[in-house]
Amino acid sequence: MERHDRSRTAFIPGVHLSKGEVPLILRTHYSGEISPDMDGSEVTLAGHVHEIRDLGGICFLVLRDREGLAQVTVLTKRADKKLVEIVRGVSRESVVLVRGKVKSEPKAPNGFEIIPEAVEVLSRADSPLPLDPTGKVGAELDTRLDARFLDLRRPASMAVFKIESAVMRSLRNTFYENGFIEVCTPKIVATATEGGTALFPISYFEREAFLNQSPQLYKQMLMATGLDRVFEIGPIFRAEEHDTRRHLNEAISVDVEVSYADHEDVMALLENAVASAYRYVSENCDRELRILGIELDVPKTPFRRITYTEALEMASESGRRSMEWGDDIDTETEHYLGSVIGEHYFLTDWPSSVKPYYTQPYDDKPEICKGFDLMHPSMELASGAQRVHDYELLVNRIREKGLNPESFEFYLKPFRYGMPPHAGWGLGLARLVQTMLRLENIRDAVLFPRDRRRLVP
RNA sequence: GUCCGGAUGGUGUAGUGGCCUAUCAUGAAGCCCUGUCGAGGCUUCGACCCGGGUUCGAAUCCCGGUCCGGGCGCCA
């Protein structure tokens, strides 16, 4: 608890130096780190003014920081006149620094309050506010996103991103524990990954280039290097004009690729990674889950496997609009399957015609392939496959999809010089968080979402 | 892209042709109040998305536009 020993001599931002070297953070404690048993100790808190309740002879200023709320209590007749003036004059959501003594007080929230010796307003907030961070009055998603910086001061909004951080941490843990290497592949590329999906064109000096829709081709090329197991958590860009609560034009994709593995191996990795993330969040994000009112059930592994053909049969037995074998599964069917199954599941053995050219067909039954989707009852979370590693087959598959192998030369080249068999998947981070926390709209799971119309903030 | 619904003070809302000089809450400004914890009391401030039309009269009905939400399509 080194922080407790830091002394403060001045209330001037940026001049607190520790032995003339590293600038100190102004606060000594987060509000969540204070407890009644610290009665009498001096602390410095910093944060936003959540509320001021002025009762006349006694005035409460509630300070909010990342870890909670702390009540600062001023007895206006006894306290320093100037201090009283500052506390009464500060606007809600202004940034303040409060130095004072912890007082154990049963009448105060959490059993303690701060008796201030000095209060400094570091930044004054304008009024009226674009939304109410205390949550007394709600705000629509659009209003919240327009003032996202302020929306995130609402504990329920911030909790989502603390949990998202925990999810990424857990995923990285899983990958490192399994011998993976984290990589970064280019986001500015010369060609589409697989055709079909629309790309954002950009101007790259004198040439046209695109924002990458997926790290697919690059992570596969890395399988030709001997890195064997790679993962990447990075942005992908899709120029589709979709307009739903589970699509965005910029998303974070969690991608893995594994050499000497097949689709079964990477499905096991995927279900383990997802279940571990749930477990990690349930064990480490107690306060955030409580704020969100979420009881987290860790999904049981292994997840159920359902083949594409079985899924079609389930849908037609239910008397729903039947699909032709070879159609992609439509949203209505997807929701039906989700409602019947009620937990995470894999959809496997897809028709080769539905999946991209790099998906490995079964040797004995080439009309189906080793591609899979990871489904949450409400939506698709991930898709993956064992990949084609044979050069001739890959070129043929590209041609069958109506694409020109010449434009994929940079990708195909490694397949001629020793490409191990490999498999992998890509998982939508925001969708994982959205489904985990039962958020209605994916925009709630992204700090600054990019959709068809929204480009700012 | 398409279908359905919507747009009222800063925020969230009530209001389906005249009773609207527009409701309530929150907020802001001011006053009172020594234990609040969505504090309370009193006073004040602040709004009908844009354009056209119907009508004696439009926040309200019609047309067009813009934006928002949801479904589908497309997609991860």
Side-chain angles (χ1 to χ4, degrees), chain A residues 50-62 69-79 84 88-89 91-93 103 105-113 125-147 150-151 154 193-199 213-216 235-255 321 328-335 354-356 371-376 379-384 425-432 434-435 440-443 451-454:
Chain A
H50 186 69
E51 251 178 325
I52 298 163
R53 282 191 283 272
D54 187 353
L55 276 64
I58 190 166
C59 182
F60 303 105
L61 181 154
V62 181
L69 302 171
Q71 174 169 289
V72 178
T73 302
V74 182
L75 294 170
T76 53
K77 283 167 190 160
R78 268 191 269 159
V84 173
R88 284 196 159 141
S91 56
R92 288 166 78 227
E93 296 306 318
K103 186 184 168 208
E105 173 54 70
K107 279 182 278 188
N110 303 318
F112 74 88
E113 61 191 9
D126 269 355
S127 165
L129 299 163
L131 55 81
D132 171 24
T134 67
K136 274 184 255 179
V137 180
E140 289 187 357
L141 181 61
D142 198 50
T143 306
R144 291 170 43 218
L145 292 176
D146 280 341
L150 201 54
D151 174 54
R154 296 168 54 245
T193 303
E194 49 197 84
T197 197
L199 292 104
Q213 70 190 74
S214 154
Q216 182 64 30
I236 57 172
F237 305 92
R238 308 274 163 110
E240 279 135 14
E241 302 201 5
H242 36 44
D243 188 10
T244 79
R245 48 187 176 149
R246 59 185 187 281
H247 288 96
L248 290 172
N249 295 293
E250 177 180 323
I252 300 300
S253 178
V254 180
D255 269 274
R321 179 159 58 94
D328 203 348
I329 292 181
D330 60 36
T331 309
E332 192 192 345
T333 307
E334 197 178 293
H335 288 162
V354 180
K355 289 289 174 188
F372 61 85
D373 285 355
L374 171 62
M375 307 297 298
H376 179 271
M379 73 185 79
E380 180 181 338
L381 295 183
S383 67
W425 42 258
L427 165 72
L429 177 67
R431 283 189 176 188
L432 178 61
Q434 182 190 359
T435 51
E440 299 221 324
N441 196 308
I442 196 165
R443 289 158 183 80
D451 63 33
R452 179 67 186 89
R453 292 201 180 76
R454 183 175 285 279

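The chains referred to below are lettered A, B, ... by the order of the sequence lines, with proteins before strands, and numbering in each begins at 1. Everything numeric in this text was worked out from a predicted model, so none of it was measured.
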Set of side-chain hydrogen bond (donor to acceptor under 3.5 Å, both in side chains) partners for [X], sequence neighbours left out:
{"X": "A:D243", "answer": "none"}
{"X": "A:R246", "answer": "none"}
{"X": "A:K136", "answer": "A:E51"}

Quiz item: Considering residues at least two apart in sequence or located in another chain, which fulfil the ring-ring contact (aromatic ring centres under 6.0 Å, His included) criterion with A:H376?
Solution: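 For A:H376 the ring-ring contact (aromatic ring centres under 6.0 Å, His included) partners, ignoring immediate neighbours, are A:H344.
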Quiz item: Got a sec, which residues hit ring-ring contact (aromatic ring centres under 6.0 Å, His included) with A:H335, two or more places apart in sequence or on another chain?
Solution: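 Checked A:H335 against ring-ring contact (aromatic ring centres under 6.0 Å, His included); zero matches.
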Practice problem: Could you walk me through whether A:K355 and A:D373 pass salt bridge (charged side-chain N to carboxylate O under 4.0 Å, His left out), step by step? | Solution: CA-CA 10 Å; A:K355 289 289 174 188; A:D373 285 355; 2.8 Å; yes
Sugar-phosphate, base or nothing in reach of [X], heavy atoms under 4.0 Å:
{"X": "A:N441", "value": "sugar-phosphate"}
{"X": "A:E380", "value": "sugar-phosphate"}
{"X": "A:A139", "value": "sugar-phosphate"}
{"X": "A:T76", "value": "nothing"}
{"X": "A:H376", "value": "nothing"}

Respond yes when some side-chain nitrogen or oxygen of [X] is under 4.0 Å from OP1 or OP2 of [N], and no when none is.
{"X": "A:T143", "N": "B:G12", "answer": "yes"}
{"X": "A:R246", "N": "B:A76", "answer": "no"}
{"X": "A:H242", "N": "B:A76", "answer": "no"}

Quiz item: For B:U26, what is the paired nucleotide under Watson-Crick or G-U wobble rules, both distances under 3.5 Å?
Solution: B:G10
Self-check item: Pairing residues for A:D142 by the side chain to side chain contact (heavy atoms under 4.5 Å, CB included) criterion, not counting sequence neighbours
Solution: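 By the side chain to side chain contact (heavy atoms under 4.5 Å, CB included) rule, A:D142 matches A:D146, A:R454.
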Practice problem: Please list, chain by chain and in numerical order, all residues satisfying side chain to side chain contact (heavy atoms under 4.5 Å, CB included) with A:A147, sequence neighbours excluded. | Solution: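 Side chain to side chain contact (heavy atoms under 4.5 Å, CB included) check on A:A147 returns A:P130, A:L131, A:F149, A:L150.
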Quiz item: How does protein reach along nucleotides 27-37 of chain B, written 5' to 3' as B (base within reach of a heavy atom under 4.0 Å), S (only sugar-phosphate), or - (no contact)?
Solution: SS----BBBBB
Write down the protein N/O and nucleotide N/O pairs, taken from nucleotides 47-51 of chain B, whose separation is under 3.5 Å; answer none if there are no such pairs.
none

